[in-house]
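Have a look at the structure below, then the notes.
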Protein chains: 2
Amino acid sequence: MANIHDIAKLAGVSVTTVSRVLNNHKYVSDDKRTKVLTIINELNYAPNQSAIDLTRGETKMIGLIIPYNNNACFDQLLNGVLNKAVEMDYTVIVLPTQYNKEKEIEYLSKLKNKQLDGMIITSRANDWDAIIPYSDYGLIVSYDYTSHPAIGCSYIDRYSSYLDAFQLLKDKGHTHVAFTTARETESMSTQHLITAYKEVFGTFIPEYYLTGCSCLDDGIAAAKNLLHLPNRPTAIFANGDEVAGGIHLYAKSINLETPRDLAIIGQENQPIGVGLGITTVDHQLTKVGEQACELIIHKSNQKVKVPYQIIQRTSV
Amino acid sequence: MANIHDIAKLAGVSVTTVSRVLNNHKYVSDDKRTKVLTIINELNYAPNQSAIDLTRGETKMIGLIIPYNNNACFDQLLNGVLNKAVEMDYTVIVLPTQYNKEKEIEYLSKLKNKQLDGMIITSRANDWDAIIPYSDYGLIVSYDYTSHPAIGCSYIDRYSSYLDAFQLLKDKGHTHVAFTTARETESMSTQHLITAYKEVFGTFIPEYYLTGCSCLDDGIAAAKNLLHLPNRPTAIFANGDEVAGGIHLYAKSINLETPRDLAIIGQENQPIGVGLGITTVDHQLTKVGEQACELIIHKSNQKVKVPYQIIQRTSV
DNA sequence: CCTTGACATGAAACCCATTTCACATTTTAC
DNA sequence: GTAAAATGTGAAATGGGTTTCATGTCAAGG
C-alpha cells in the first residue's frame, strides 16, 4: 500500500500539500490539487486511520458498555446511540460485560489507551469509585443518575414513573398489586420501585414481588406463581412488555380477563405490547441512547433527564 | 500523559526493554522488569492503542454491516459475533446501513483505511461487484452464500429449510399454504422461498404471499388479510416468530384454533414463540454469527454451512 | 580451552499521518 | 504607493509505539 509520501513524491509536491488535499484545506492551487487527486486515484491510496488517530489524539469512537447483548432494553439503547453516532459520523463499539468487574475495567481502560473518545455505561458491575478515575481519559456518560460532577447522565426519572404507574392502578381501585423485576441484585432501580410501591400502597407484601423476569416465558412463570396465590393480586406491574405479555397470555389461559380480572402495566413499549393492548410505561430508551451519545460527542457532562410517558391501552 | 520514552528514561532502560515488558517478552531481567513496572505504575502509564495499531498494521476490530439496528434477526447475529469476538479478544463495531449504498461503501472503506481487520456483511445493498474489491484489504465474510472465492461465508441452507417447512405442512395435509417475508425487494432468500413453495405445492398463488412483515403487529395485519380471503389458507409459514405470534393471536381472536383451524410455522426460535407454542425453523443465527466471527479471526475464506433445525411445538 | 546457545540489552529504522513555522507571492485597502 | 491581509508551499517536528539487528555476557558441552 502506498502512503502519503509516495503520493507526494509522484505528484511532485510536499506531504503537507497532500495532507491539505486530503483534508480539504484551502490554500492549495487547483493544478496541484488535481495532480494529487489523480495520483491518489492511480495508486488507489487510502489514508491509514491509525496514523490519523495517533496524530489527532482522538478516534471518534464511542464505547457502549452493556451487561448482555440479547436484551430488549439494551437493544433500544444501542439503537438510539447508533442513530446519533451515524448522524454525527462517530463509530460505536459494543462492549458486553456479563456484569464481570474485570471485563468492565478492561473496557474502561480503552479510554486510557486512547482507543475510545468516550464511554456510555448502561449498567455497571463496579462501584463508581472504581469507575470515576477513568473519566480523566475520556467522557463517561451514565444511564443511571449519579451526582458525581465528572459523569454525564442521560437518565430517566424512574421513581416518578413507578409512582405514576402505581398511582394509575390505585386510581382504578386496585389495592393488591404485584410487580416484577429483572435482576436479583439490589439495584437502584429496584430500590426506587419498592419505595414508590410503599409510597402509594403503604405496606409491601413480599409474595407480590417477583424477580428474575426478562422474557415472555418468565412472565408466564410469574403469572403462574402470582395468580394462584390465596390472596391473588388484581394488578401486576411488569418490568417489560415481554414479561407483561406472558402474564397476559397466562391470565387469558386460565380465563382471567384483562383488565376486568387482572390489570397489567408493562414497560418500554415493545412490539408485543401493541398487539396485546398492554398499557406501558415508555421510558423512551432510544431517546436516552441518542441523548447519551450526544453528550459524549459534545463532551458535556450535563445531567439530562429524558421524559417518560405512559401509553394507555386496554390492559388497565 | 507519559509515553514509552518517558518510562524508559525514568526506569533507566531503553524503549525496547519497556516494550518487551509491556508485551511479556522473555529475556528481560527481573530487576529491570520490576523497575519498569514500578515506573509505569507511578506515572499511571497506558500504551496508546492507535500507535500500536499503526505499527502492527492491524486493529483487532471487526465491522458488522447490518441494515437495521432494531431487528430481531440481526440482534441474534450480533449476539453470536459478540460472543466469539469477546472470547478471542476482538472488538466489534456495528455499522447500520439502512440499505444505503454509499453508506455501505463508506463502511467497507474502513478496511482500506486499516481501521478494521475484517468485515461481516449480514445483508447488503450493493452488488458483489462493488464489494469484492474491498476484500483486498481485509477478509469479508458474508451471511449470504456466494461462490466468489475471496469471500468467506457463514451461511444457512435456506432453500432446504423452506423445503422442509413446506413439506411438514404438506405432510399434515395442508394444500392452501400462505407465507410472509420482510423485504419488498427480490432478495435471494425470497427467491428460494418461492422456488421451494412451487417445488412442494406446485402452483404459486399471489394472494398467499405477503411481504413487508417484521413484527407482531405486521403479523396481526397479515392474518387480518389472509384469514378473511374467500379461499382461506389453512397454514401460514411466517418469516419470524414475532410475525407468527401476531398471526396466532389474531387467529385466536376470531376463534380459529391452532393447529386445528390454522397451522403456523415461524422462524428463528424467538422468545414469543416459546410461550405461544409456535413450531419454528431455527436457523441458529447466533451460531451463524459466531462462525462468521471465527472465519474473520482465522482469516479463512471458507464457506461454512450452519445447520438449521425445526423445533416442533404445538402450532402444526 | 573453545565453541555454541541461551540470555539480556539498546540504537535506530519504521509505521503514517498532522501541524507548526517559516517564507514567498499576490491581492486588497487606504 | 505602500502597508496589511490573503494565498500558496514545504521542511521538519511530532504523535507513540514495534521490531530488526548488532553486540555482549555467561554457562553448558565436548
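Throughout, a chain's letter reflects where its sequence line sits, starting with A, and its residues are numbered from 1. Values reported hereafter were calculated over all heavy atoms of this structure, with side chains retained and with hydrogens, waters and symmetry mates removed.
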Could I get a table of every N or O pair under 3.5 Å where one atom is in the protein and the other is in nucleotides 24-27 of chain D?
none

Item to check | Separation of dC16(C) P from Asp6(A) CG (nearest whole Å) | outcome: 9 Å
Next on the checklist: Whole angstroms only, please: what is the NE2-C1' distance between His25(A) and dG10(D)?
Outcome noted: 15 Å
Checklist entry - In terms of heavy-atom contacts, does NZ of Lys110(B) have more than 12 from other residues, nucleotides or ligands at under 6.0 Å? => result yes
Checklist entry - Of all residues at least two apart in sequence or in a different chain, which pass the side-chain hydrogen bond (donor to acceptor under 3.5 Å, both in side chains) check with Asp117(A)? => result Thr59(A)
Checklist entry - Taking all non-hydrogen atoms of both residues, which atom of Lys114(A) and which atom of Gly57(A) are closest, and how far apart? => result NZ-O, 3.8 Å
Checklist entry - In chain order, what residues pass the salt bridge (Lys or Arg N to Asp or Glu O under 4.0 Å) check against Lys103(A), with sequence neighbours excluded? => result Glu106(A)
Next on the checklist: Nearest whole Å is fine: how far is dT18(C) P from His5(A) NE2?
Outcome noted: 11 Å
Next on the checklist: So, OP1 or OP2 of dG15(D): does either fall under 4.0 Å of a side-chain N or O from Asn3(B)?
Outcome noted: no
Item to check | Residue list, side-chain contact (heavy atoms from CB on, under 4.5 Å) with Ser14(A), at least two apart or on another chain | outcome: Thr16(A), Thr17(A)
Checklist entry - If you look only at pairs with a residue in residues 49-76 of chain A, which of them pass as a salt bridge (charged side-chain N to carboxylate O under 4.0 Å, His left out), with sequence neighbours excluded? => result none
Item to check | Listed once per pair and sorted, the side chain to side chain donor-acceptor pair (under 3.5 Å) pairs that draw on residues 78-89 of chain B, sequence neighbours left out | outcome: Asn69(A)-Asn79(B), Lys84(B)-Glu294(B)
Next on the checklist: Just to verify, what does Tyr107(B) make a side-chain hydrogen bond (donor to acceptor under 3.5 Å, both in side chains) with, not counting sequence neighbours?
Outcome noted: none
Checklist entry - Rounding to a whole Å, what distance do you find between Asn113(A):CG and dG17(D):P? => result 9 Å
Next on the checklist: Rounding to an integer number of Å, can you tell me how far Ile7(B) CD1 sits from dT18(D) P?
Outcome noted: 13 Å
Checklist entry - Looking at residues at least two apart in the chain, or sitting in another chain, which of them share a salt bridge (Lys or Arg N to Asp or Glu O under 4.0 Å) with Lys305(A)? => result Asp157(A)
Checklist entry - Whole Å only: how far is the NZ atom of Lys9(A) from the P atom of dA17(C)? => result 14 Å
Distances for protein N/O vs nucleotides 8-11 of chain C N/O pairs under 3.5 angstrom?
residue: dT9(C); atom: OP1; partner: Ser29(B); partner atom: OG; Å: 2.8
residue: dT9(C); atom: OP2; partner: Ser29(B); partner atom: N; Å: 2.7
residue: dT9(C); atom: OP2; partner: Ser29(B); partner atom: OG; Å: 3.2
residue: dG10(C); atom: OP2; partner: Ser14(B); partner atom: N; Å: 3.1
residue: dG10(C); atom: OP2; partner: Ser14(B); partner atom: OG; Å: 3.3
residue: dG10(C); atom: OP2; partner: Thr17(B); partner atom: OG1; Å: 2.7
residue: dG10(C); atom: N7; partner: Arg20(B); partner atom: NH2; Å: 2.9
residue: dA11(C); atom: N6; partner: Thr16(B); partner atom: OG1; Å: 2.8

Next on the checklist: Does anything in residues 34-60 of chain B come within less than 4.0 Å of DNA chain D? Heavy atoms only, and list the residues if so.
Outcome noted: Tyr45(B), Ala46(B), Pro47(B), Asn48(B), Ala51(B), Ile52(B), Leu54(B), Thr55(B), Arg56(B)
Checklist entry - How would you list, by chain and number, every residue that makes a side-chain hydrogen bond (donor to acceptor under 3.5 Å, both in side chains) with His283(B), sequence neighbours excluded? => result Ser161(B), Glu268(B)
Checklist outcome for this item: Residues at least two apart in sequence or cross-chain that pass ring-ring contact (aromatic ring centres under 6.0 Å, His included) with Tyr155(A), listed by chain then number, are Tyr145(A)
